[in-house]
Amino acid sequence: MDFSTSEEQEAVRAVARRFLNQQLSHQGLSRDEELRRGIDPDVWQRICDLGWPSLLLPMERGGSGGTLVDAGLLLREVGRTGAATPLLQQTAVVDVLLRLGDSPERALVMSGIVKGETVALASPQGERAMPCLVPGRAAAHVEGDPLIVEWGWYATKLVVPCLNEVAQEVQMVLLDRSDDGIVVERCEVIDNQPVARVTFDVTEDAAAPVLLGTISTDRWHAERRRLALLRSHELTGGLQRMVELATEHVGVREQFGRPIGSFQSVQHGLADAAIAVRSAEMSTLLATWWAATGRPSARAEHMAIYATSVAADRVASITAQYMGGIGFTVESPFERLFRRAKGQKLRLGRPYEHLVALGRLGLADCEPSGSGLAKRVRRST
Amino acid sequence: MDFDVMGMHKSFLEDIAELLDSAEAEAAEGWSDEGDTRTLRNEDWTFLRKLGHAGWLGVGFPPEAGGQGRTATEELMFLEELSYRRLPPLGSGIKFVGPAIARAGSEEQRARYLPGLLAGTVRFSVAYTEPDAGSDLAALRLRGQRVDDRFVLNGQKTFCSGVQNCTHLWLAARTDPAAERHEGISLFIVPIETAGIAVQPIHTATEIRVNEVFFQDVVIPEASLVGAENRGWQIMMSSMDRERLEPVSGMARLVDEASDWARQPDPDGYAPACSEHVLAALGRLYAEVDVARLFAAQLAWMIDEGKRCVVETSMAKIINTELRQTVSTIILDLLGEAGQLRLDEIGAPLGGRAERAYRGSTWMKIAGGANEIHRDLIATRGLGLPRPRVIVTQAQRSH
């Protein structure tokens with residue numbers, strides 16, 4: 001295996017880190033959260049000016065022609081800051097639309113993203129939570145239980161997957177945030193992520209939703225996993241930073257006449273946290289590379305999402321302990337990362353479900369006893 | 001970046017398959033994943049010599065030392081395949097004694113030991129640990145006293161694996177008791193048949209056999225000394241990286257067998273894998289094995305790239321050894337009551353191999369530097385935390 005990142009990826013990483021450090025301060029992020037806006041719109045506009053949301057778009061369409069791996073590495077940097085930005089959502093929307101192929105409607109959404117428009121992607125957990133598209137007298141409308149949608153309040157447009165249970169298909173529908181047929185309310189959540197409840201109000205004569213494309217339910221699950229994979233990168237960045245903050249703290253905090261970081265119990269805990277972060281980093285990178293290169297990646301994706309979920313709780317619990325009282329206060333940037341780690345983990349879906357899926361895939365994948373890698377290669381030739 | 005192992009190393013893997021799909025290999029199967037701890041049978045020697053004859057014992061050795069000069073990544077893949085097929089361990093001679101001789105040995109030592117090592121006729125057992133020198137290896141006391149152009153060895157080693165299979169000991173002895181702890185240690189190559197050496201087996205919770213080795217006035221020539229006198233510690237420490245290239249395939253094989261078990265329906269047609277809980281447990285097993293594989297692969301890649309890998313070495317060691325306990329525990333818990341049936345007992349699921357793996361699962365966490373030592377290294381060398389205070393006792397000071 002070759003774990004190396006390219007010179008270009010390293011350069012982008014360095015520039016991104018510097019830029020984010022300049023633009024985002026602890027006080028600024030606290031104010032953003034107080035105002036329930038996720039991120040200062042001016043900062044977000046500057047991020048858009050750098051072209052980050054359209055990273056995946058080909059150059060001829062105003063993007064940078066980046067890969068899913070490039071996007072993941074960039075999201076890690078964003079994750080380190082603890083800021084809530086729409087970058088993950090915008091990247092995922094571009095990814096979904098690009099994979100649907102060319103159409104004027106999709107092109108319009110993507111050009112909006114290039115300009116800095118926020119488009120929210122609803123990603124309901126499980127098929128039962130999905131709305132459906134119902135034909136009406138004048139036009140079809142979306143019907144279903146309320147959905148929890150990240151960035152739903154600030155978005156100008158919403159991409160909503162609607163289930164056609166009979167055909168086992170998912171219709172990707174574009175709604176205007178200002179449509180009469182939908183009601184958007186802000187939700188209070190565990191972290192600084194702006195989350196909204198979107199209710200479909202069928203009594204109103206809604207504007208006709210735009211159908212962006214139709215995919216199989218399996219394909220929709222794959223799209224959700226790609227979103228989760230990108231989120232895993234962002235989450236991993238946050239976990240990295242939590243270990244750094246805790247390490248810095250125990251290096252200077254003295255008790256019993258010496259830094260608490262010289263106590264073995266503290267050292268071993270942080271060593272375990274570092275191992276957990278490395279597990280998340282490597283498995284997300286592996287899965288993203290498999291997905292980005294068009295190889296079968298479902299198994300690696302479930303593994304990565306599960307490993308990141310486990311790492312999130314482990315790192316949060318260990319580092320919060322060693323940050324001591326200070327890490328519990330809002331004065332410390334750690335506190336925000338701590339809440340965000342849980343929020344992002346929860347938005348990855350239930351770890352148990354990823355394990356069951358992994359079990360199913362692995363069982364189908366694994367050969368009867370007695371065949372290592374070399375035998376597989378032989379059989380495949 | 002490239003994670004497609006099969007694509008990257010296709011022809012190398014084909015070569016391995018060609019080598020191992022043989023009657024000699026099949027006859028030598030049946031080893032578990034716990035290193036050089038059982039007595040080699042005739043068929044094992046035959047297989048190892050076949051490997052030697054075909055040039056595979058020196059897979060990671062530099063060509064000038066008679067090896068294939070393969071990368072650490074390729075060496076790891078070879079070890080993975082041996083381990084998956086439950087073939088005999090190559091022994092610590094191949095893993096790090098040979099490379100240490102190639103690097104630090106005299107010309108005469110290289111000529112004398114390396115060809116035999118690579119042919120499978122010379123086999124080393126590492127004798128470092130002593131009753132009072134385990135994780136704190138620099139506390140070792142076995143005395144190597146210089147008398148003119150010879151050394152006289154007196155003392156005891158313990159927990160030595162593979163002594164029953166070895167032709168030579170790779171021995172660390174204290175040659176200057178007055179020097180600092182790390183300074184007065186020398187390394188020797190000692191034929192196991194030398195007069196004054198007595199071997200006593202230590203039986204363990206599993207079929208693993210380790211050994212106590214007693215030295216009473218064992219006289220060895222000066223030519224047995226490897227490298228400079230009193231400079232053994234440096235050689236010992238510099239040969240640790242490749243030692244940590246530990247395959248995870250022994251556990252992967254066990255997980256594959258657990259998958260087979262889960263697929264088998266009972267007389268009513270109900271297979272364990274019909275239950276979501278079993279699927280989740282299998283999912284966890286796949287995830288644990290795959291993550292451990294990544295740690296091993298990353299370490300190998302870093303060695304190949306010439307990167308500093310103290311932290312990754314320790315991480316891979318911890319992950320690999322804790323995997324054994326996790327995997328065997330999850331599988332036994334899946335098997336439930338039937339899991340208690342021992343290796344080869346009639347009706348034991350997985351042939352009792354999960355039961356055996358569980359009994360042996362703590363051993364590797366202790367051997368090769370206890371995992372606590374590796375956590376110390378990650379914290380101090382990786383995260384940059386201050387070294388913990390070490391309390392040196394009066395007894396240690398007096399050495």
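Chain naming here is simple, since letters A, B, ... match the order of the sequence lines and numbering starts at 1 in each.
Interface remark: of the candidates L285(A), V266(A), T5(A), L285(A) forms the most heavy-atom pairs closer than 4.5 Å to chain B. Of the listed residues P259(A), S279(A), G251(A), the one with more heavy-atom pairs under 4.5 angstrom with chain B than any other is S279(A).
Applying the 6.0 Å contact sphere to CD of E26(B) captures no more than 12 heavy atoms from other residues, nucleotides or ligands.
Heavy atoms closer than 4.5 Å to chain A are found nowhere in S83(B), neither backbone nor side chain. There is no contact between H374(B) and chain A, counting heavy-atom distances below 4.5 Å. Using a 4.5 Å cut-off between heavy atoms, V69(A) contacts chain B through its side chain alone, with no backbone atom that close. With a threshold of 4.5 angstrom between heavy atoms, M1(B) approaches chain A through its backbone and through its side chain. Of the two parts of I319(B), only the side chain, counted from C-beta on, holds a non-hydrogen atom closer than 4.5 Å to a non-hydrogen atom of chain A. Proximity to chain B (any heavy atom under 4.5 Å) is restricted, for V243(A), to the side chain, taken from C-beta onward. For L285(B), no part sits under 4.5 Å from any heavy atom of chain A, backbone or side chain. With a 4.5 Å cut-off on non-hydrogen atoms, R278(A) touches chain B through its backbone and its side chain both. Neither the backbone nor the side chain of E29(B) comes within less than 4.5 Å of any heavy atom of chain A.
Taking CG of L76(B) as the start and CE of M1(A) as the end, the distance is 9.0 Å to the nearest 0.5 Å. Separating the NE2 atom in H268(A) from the CG atom in N371(B) is a distance of 10.0 Å, to the nearest 0.5 Å. Once rounded to the nearest 0.5 Å, the distance linking OG1 of T73(B) with CG of D2(A) reads 9.0 Å. M303(A) contributes atom CE, which lies 14.0 Å from atom CZ of R284(B) (distance to the nearest 0.5 angstrom). Taking CG from L270(A) and CD1 from I378(B), the interatomic distance works out to 11.0 Å, rounded to the nearest 0.5 Å.
Note: F3(A) and F3(B) have perpendicular aromatic rings, judged against thresholds of 30 and 60 degrees for the angle between ring planes.
Of the possible donor and acceptor atoms, one in the side chain of Q267(A) sits under 3.5 Å from a partner among the backbone N and O of P386(B).
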